[in-house]
Novice: 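The structure that follows is given in the form of structure tokens.
Atoms considered below: every heavy atom in the structure, side chains included; atoms not considered: hydrogens, waters and symmetry mates.
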Amino acid sequence: MDPELLQRITARRAELDELEEQLAQQLAEVRAERDELAVAEKVLERMSEQLAEERAAFAPAPGQVGGRAVMMIPHRAPDVEETMLPPDYQRNLSVVRQAAGPVMARQVGEALGVDVSVRSKLEPLRGKLVRLVDRGWLRKQPDGRFTTRL
């Protein structure tokens, strides 16, 4: 056998052995990272489920008043989001927030399309705004105007 050819074969075998070792190390690293991602995914799913359960516990629940189902308004807290308010309260809050400054209930009604010339249509809106004040979502100034909390 040719010694030069034998030397080339031996050198190539050494290169391939080294490449195999590098690839095995890379494969081990890839598998380890994939396992870590699988664990992270399970933790994330578990945490998401827990957060969903906690949010459901704080979600406003309908109560009974005079035999009618009514939606309870949650108190404002760091873990209570605005989306937990009933839709009409969210709209009221949005109108006050978008105003350039403090607004009267009449102005909120006009923005919402309520017939403000009829007192009986404006008073329920004023009651909702006051309820938002009582729960800490809005602030009522001494002159009766409403503004967002600081």
Novice: Inspect the surroundings of CD in Q22 and state if more than 12 heavy atoms from other residues, nucleotides or ligands are less than 6.0 Å away.
Specialist: yes
Novice: Are the side chain of E49 and the backbone of R46 linked by a donor-acceptor contact shorter than 3.5 Å?
Specialist: no
Novice: Going by distance alone, is a donor N or O of one side chain under 3.5 Å from an acceptor N or O of the other, for Q98 and S94?
Specialist: yes
Novice: If you count every heavy atom of other residues, nucleotides or ligands that lies below 6.0 Å from Q141 atom CD, does the total exceed 12?
Specialist: yes
Novice: Short question: side chain of R97, backbone of T148 - any donor-acceptor pair under 3.5 Å?
Specialist: no
Novice: Atom CZ of R12 and atom CD of Q7: how far apart are they, to the nearest 0.5 Å?
Specialist: 15.5 Å
Novice: Is there side-chain contact between R131 and W137, with heavy atoms separated by less than 4.5 Å?
Specialist: no
Novice: Against Y89, only a single residue in R135, M84, K128 fulfils side-chain contact (heavy atoms from CB on, under 4.5 Å); can you say which?
Specialist: K128
Novice: Does E123 come within less than 4.0 Å of R119, counting only side-chain N to carboxylate O?
Specialist: yes
Novice: Measuring from atom CD of Q107 to atom CG of L112, what distance do you get when rounded to the nearest 0.5 angstrom?
Specialist: 12.0 Å
Novice: Taking NZ, NE, NH1 and NH2 as the nitrogens, is one of them in E45 or K42 under 4.0 Å from a carboxylate oxygen of the other?
Specialist: no
Novice: Assess whether atom CD of E21 is packed by more than 12 heavy atoms of other residues, nucleotides or ligands within 6.0 Å.
Specialist: no
Novice: Side-chain contact, heavy-atom cut-off 4.5 Å: L132 with N92?
Specialist: yes
Novice: So how far is it from L129 CG to L93 CG, rounded to the nearest 0.5 Å?
Specialist: 9.5 Å
